[in-house]
Structures are given as structure tokens and as C-alpha cells.
Amino acid sequence: MNKQNPQQPSPDVSAWLAQMSDPKFWTSLQSQFQSQFEQFKSHLPPMPAMPGIPQMPGFQGFPGGAMPPGAGQIDPTVLLKQLGDLGASLDPAELVRLQQDYTREFGELWQSMLAAKTPAITDRRLSAPAWQEHPYFAFQAAAYQLNSRFLLALADAVKGTEKVRHKLRFAVQQMIDAMSPANFLATNPVAQQKILETRGESLTQGIAQLLADLQKGHISQTDETAFEVGRDVGASAGSVIFENELFQLIQYAPLTKTVHSVPLLIVPPCINKFYILDLQPQNSLVRYTVEQGHTVFLISWRNADAAVETATWENYVDDAVVRSIHIVQEISKQPQINALGFCVGGTILSCALALLAARGEDPVASLTLLTTFLDFSDTGAIDVYIDEMQLALREQMIGQRGLMAGRDFASAFSSLRPNDLLWNYVESNYLKGEKPSAFDLLYWNADSTNLPGPMFCYYLRHMYLENALKEPGRLTVGGEKIDLRKITAPAFIYASRDDHIVPWKSAYASLDLINAGKRSNNRFVLGASGHIAGVINPASKNKRNYWVNDKAKAGSDADAWMAGATEHPGSWWGEWAAFLGKHGGRKVAAPKNPGSTRYKPIEPAPGRYVKVKADQLVA
């Protein structure tokens, strides 16, 4: 990848930056803010009670959410018509009540400000002392909180299907987060204070970082120069021993003199790069597993480009996962192997095992599923992006040929937690001019991947929209009817309690779909934290906690399981290591060389595929 230097400001911008660096300019500006606040107070009209028409909070005015003169109003006729178009409604009487509550609370806030009373600020992004040290900023923060409450209450008052209400609340929350006064220099006292303290250096640095990110096409969440795949992350020793147009197969070098005879195949998500499972030695699940005496194979997915833009779900199942299973069996000379799938990798792996079962094969001694959907009844926060209209449009664009761009994935996932993954960095990187710190997980998060359009559209329609995978025989893959009940391998199913991508109760539902005749073969473990941090919780750090309930009755629902669960401190990795060891077979001498006579090493791990950047492949 050709590295480009950050764009240099034009002479006009340089002159402007020079002015910004003059502390006298910022002292004058602070005085202007004081004058602006006084002028604002004198011009703000009283808020008359207008039945059925609540004053709209300040998102139509300047950032921060206060009510400037001439702010817009809600037209109930227009609002109710728009809701009707969505199949939703709003009780006009409830609209009146919300307007009256808002008017009363705004009046109380205004009287408090006139009496020089400091309002209560509960928003964590507005918690710095500077937000309360000046009446202008305190009022901005308090009015923003009031407006946020009003908008959320308005969204909650809407009557409609759960999906419509979820989408509406999501859209409102996006607006609220975007209009926080912390996101704008004119209304962020902390950023202004830093400009004064640094004599304009923070502003200069912030603009330089903004220009650099514009070139990169994304907001920097970490110091991306601190890491390199294969050197700092994804650096566990090993060899690529097979590749085709969809994936490379890595075999990792042993770290013990003897190993379990039954190897492990890891199927990571294709929506992300595999090295989330092999970040650095101290937090690498790959290395941990190798240290436990297992021979580990791992699929490294190709970052999709035009050469594979017609690849299908069936290709990923049969030409990638099934092919990998057979290769690992052949190299290890074992009739059965252990298999692990993470996120969508677990969905693909389960589909592959059901396909092989239909063909009369029983290739795995155990199955591990980490934060994986098999039952898509509750798809969590991402559900706001899944409906017939959006999917039909996507299918029209890329359903037969094309790419789902990695940057679109990144934007969608960031929007699910915008304050943490977007606006936090807008404030720190650009307004405050702070350089992002080096964080391996966030480096991985920014290293996005593309997917073939046909494969992606199939996944959305048949899994997310129709939830067809859980229904025996409804899907046909590789010429066979898919029935998850035919998977009979002992299973270790892990979920994260605070996962907003794969809700833990959805992962728990997998217990009823595999080993249908012997549910006792399935073990469920619940960890703390979210989709990624819950999984990447190294045993050596002894952080967080997890829950087990081995006494739960067969058929217990998720709530009953949790009610009887026992909490343990630390990582769940030890529980999984014991499970994997139980199914690892006898100990044998560690292999001296990777691969076999047929499958010779092609290149050192992590291989070429994982190093390809998504933006190199999509215009």
C-alpha cells in the first residue's frame, strides 16, 4: 500500500491557523461568547403554550440544543402523517402532554439560569468542570439534556410494531448523539480552553488530523502507525499450507514438545480480519490454544475483490469450510477434528457441518461456537438495518455481482455505538487535537473487509430476515437440505452478556438446535462484556467474570439458566481449554514440519490475504 503524507493546508488556511495560534484572538473570542450569551437571553421570547404543538428542541438551531429565536415547531399533522406512512401512530393527547412537560421544564431551567443556579449535568461527555464554570455552556448542556429527553419520550410514545418503534428510537438517538454540544468547537468549552492553554497548537494539530483522516476515509480511533499485521498483530508463527480464491489455510507452529492428536480448525468471521483472535502474544486466543498443546489450523478469508464478486454462501460453506475440514483431516490423519467458529464464522461452520452430516460424514469430535447466531429471532441492534425494502435494494445492486464494501460495514457498526466509536474521536482528535493512543483492538476494528455481494445478500435474507437456518430442511446448500439437528458433536457455546451484535439469549437458543437428541452434549458459558471484549479476555489477566450452570435442566430457557448460574471471577478461557482438552485425543510428538507432502508451505503466517486493505479493492 502506498503511504501518503497528510495533505498540507493551503496558504490561506496556514494564515488562518497562524491567527488561531494567537492567544489574544482566543481571549477576545471568549469575551464574545459572554456577549453572545447576554444577547441570547435578551432576545429569547417566552414559550407560549400551544396545544398540540410542542416547541421542537434545538436541533434546527445551533449545536447544543438550546432554543434560539425562530426555532422550528412540530406540525402535528405532518408528524402524524409521517408516522402513518410507517404504520405507526401517536396519541394527540400524549403529544400535548409532552409539549406541556417540555415547556414547564424549559421554564424551570431558564429560571434557574437567571437565578445563577448551576443545573445538574448528567451526560458523561459533558461532565468536565468547564461545562459548569460559565453560564453559557452550563445552559447549553442542560438544554441539550432536556431536548434529548423530550425527543426520546416522543419516540417512546409512538405506537407501532416493535421493529418500527426500534428504528424510530434508533434514528432519534442518532440525532441526539450527533447534536451534542461536545461535538462542536463553538459550544465545547473544554476544547476552547485547550486552545488557549496550548496557544492554538491543539487546533493546528486537530485540523492536521482531520485532513489526514479525510485522506484515509475514516476517523482514526488509534495510532495506526503503531501496528503492522505480521509484526505487531497476527504475528504467531506458522505457515500458509493451502490457498484458493476464497481463503488461505494457516497451520501454526507448535510451542510444546507434545500435542493432542486431534487438531483444532478455527473459522473466524469473514466480516472482519482473523487476527482479532491473534492480536499480541498476551491476548492471543490462537497462541493460548497452541500453548495448551493443540495443533491449530485457521482460515484467513480473502478480502473480497472483483475476482470473487460473484461468490455465494454455498462457496463459503463448501469451497472454504468443508474444504478446510477435509485438508485438516488429511494432514493430521485423524477421522475427526475439533472445530471452532466465531460470529458469522460459527454460522458458516454450523452450516458446513450440517451439509457434511447430510452427506453421511461426521468430521468433528467437538464444536465450539463463540457469539454465534443459529437462531436469528432476536438480532439485536443491527436489526435497524434489516428489512425487506433495504434488502431488496441491496439485492438489486449487488445480489448477483458486486461487493459489499468494508467501509459500509464499519459505518453501520459504528452507528450502533456512535458516542464510543465516532463522536468521542471527533472531539478528542479534531476539537482537542489529541493524538489517538495505540490500541491493538481498535487497530483491528479499523482494518475492514469487503464481502461478495451474492454471499452477503443470501446471508441477510435467509438468516436475518427469514431466520431459515433453524428450520430443518428449509435451506439447500451444496445440493443437500440443511438440518442443524444432525450435528451431534459435543458443543461448547459461549455468549457475552452485554453483546449488542449477538444478544446472549440468541446464542443460548443454539442449545435447542444442535444435538437435538442429546442436549446434555451442549455446554453453555456466559461471559461478561461485549461481542469482542468478552471473547478476547485472556486467562492470564484474570479480568471480568463468567457464569456457568451445569445443573440446568434440559429445555431450560435463558432466564431460568441465568437464575441458577454460578458466577466465577476471571476469564472463561480456562473452562474452554478443559473442554477442548477432553476432546483432544492422546498426546503425540509435535509435528516437525507444517503441512504434508501434498500440502506444502506456501508462505509464512499470517499470509498475504489478511494484509490486503479493503479500500484498495473498492473504488
Side-chain angles (χ1 to χ4, degrees), residues 162-163 166 170 267-269 271-272 276-277 285 340-350 367-386 412-413 416-417 420-421 441 459 463-464 467 469-470 484 487 490-515 519-539 543-576 579:
E162 188 59 33
K163 192 175 185 75
H166 182 43
F170 176 79
V267 184
I271 293 176
N272 310 104
I276 185 58
L277 298 172
L285 183 61
L340 179 152
F342 180 18
C343 189
V344 66
T347 310
I348 299 172
L349 172 60
S350 298
L367 170 64
T368 298
L369 297 177
L370 307 180
T371 59
T372 293
F373 275 128
L374 297 183
D375 183 340
F376 288 75
S377 299
D378 176 8
T379 53
I382 202 70
D383 184 64
V384 297
Y385 290 117
I386 312 295
F413 285 117
L416 302 180
R417 294 170 52 202
D420 293 331
L421 298 177
L441 194 149
Y459 177 52
M463 312 300 168
Y464 275 89
N467 196 15
L469 181 61
K470 77 169 187 174
L484 296 176
I487 300 174
F492 184 100
I493 299 172
Y494 169 83
S496 294
R497 185 187 57 181
D498 302 322
D499 193 339
H500 64 296
I501 304 297
V502 181
W504 79 265
K505 292 183 181 181
S506 295
Y508 181 87
S510 299
L511 293 173
D512 292 327
L513 298 178
I514 57 179
N515 282 307
R519 194 186 182 199
S520 59
N521 272 2
N522 300 330
R523 185 162 193 247
F524 183 77
V525 175
L526 181 65
S529 198
H531 188 69
I532 299 299
V535 172
I536 308 306
N537 183 25
K543 293 176 61 178
R544 303 190 181 97
N545 49 1
Y546 66 94
W547 293 262
V548 297
N549 184 357
D550 295 327
K551 296 181 180 179
K553 294 181 180 179
S556 298
D557 63 19
D559 290 328
W561 183 94
M562 189 63 187
T566 302
E567 182 177 348
H568 298 273
S571 172
W572 60 271
W573 285 16
E575 296 279 347
W576 175 68
F579 168 85

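Bear in mind the structure is a predicted one, so any value in this text is a computation, not a measurement.
In this structure a side-chain-to-backbone donor-acceptor pair under 3.5 Å is missing from D499 to W504. The backbone N or O of D383 lies less than 3.5 Å from a partner atom in the side chain of K163, making a donor-acceptor pair. When atom types are taken as modelled, the side chain of S556 and the backbone of K553 share a donor-acceptor pair closer than 3.5 angstrom. N522 places a side-chain N or O within 3.5 Å of a backbone atom of L511 that can act as its donor or acceptor partner. With hydrogens and angles ignored, the 3.5 Å screen pairs a side-chain donor or acceptor of T372 with a backbone N or O of L370. Of the possible donor and acceptor atoms, none in the side chain of R417 sits under 3.5 Å from a partner among the backbone N and O of H500.
No side-chain heavy atom of L374 sits under 4.5 Å from any side-chain heavy atom of K470. Using a 4.5 Å heavy-atom threshold, the side chains of I536 and L277 count as touching. Between I271 and F413 there is a side-chain heavy-atom pair separated by less than 4.5 Å. No side-chain heavy atom of N537 sits less than 4.5 Å from a side-chain heavy atom of Y546. Considering only heavy atoms from C-beta on, S506 stays 4.5 Å or farther from T379 through its side chain. Looking at heavy atoms from C-beta onward, L484 lies in side-chain contact with S350 at the 4.5 angstrom threshold. At a threshold of 4.5 Å between non-hydrogen side-chain atoms, the residues F342 and L349 do not count as touching. Side chains of R523 and V548 form a contact here, defined as non-hydrogen atoms less than 4.5 Å apart.
Between atom CD of residue E567 and atom CG of residue N549 there is a gap of 13.5 Å, rounded to the nearest 0.5 Å. Going from atom CG of L416 over to atom CG of L421 covers 8.5 Å, rounded to the nearest 0.5 Å. The structure places OG of S529 at 10.0 Å from CG of N545, a figure rounded to the nearest 0.5 Å. Rounding to the nearest 0.5 Å gives a distance of 5.5 Å between CG of L513 and CG of D375.
Across all their heavy atoms, A558 and Y508 have their closest contact at N-CE2, 3.4 Å. Considering every non-hydrogen atom in both W572 and G534, the closest pair reads NE1-O, 3.0 Å. In this structure, W547 and R497 approach most closely via the heavy-atom pair CH2-NH1, 3.2 Å. Considering every non-hydrogen atom in both V535 and S496, the closest pair reads N-OG, 4.1 Å. Of all non-hydrogen atoms in H531 and T371, the two that sit nearest each other are CE1-OG1, 3.4 Å. Heavy atoms only, all atoms of each residue included: S510 and I493 are closest at CB-CD1, 3.9 Å.
For the pair K505 and D557, the salt-bridge criterion is not met [side-chain N within less than 4.0 Å of a carboxylate O].
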Notebook entry, point to check: Does the side-chain contact (heavy atoms from CB on, under 4.5 Å) test come out yes or no for I386 and F376, once each step is laid out?
Noted result: CA-CA 12 Å; I386 312 295; F376 288 75; over 6 Å; no
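Taking the six-membered ring where the residue is Trp, the centroids of Y494 and W576 are separated by 6.0 Å or more. Residues F373 and Y459 place their aromatic rings such that the two centres sit no closer than 6.0 Å.
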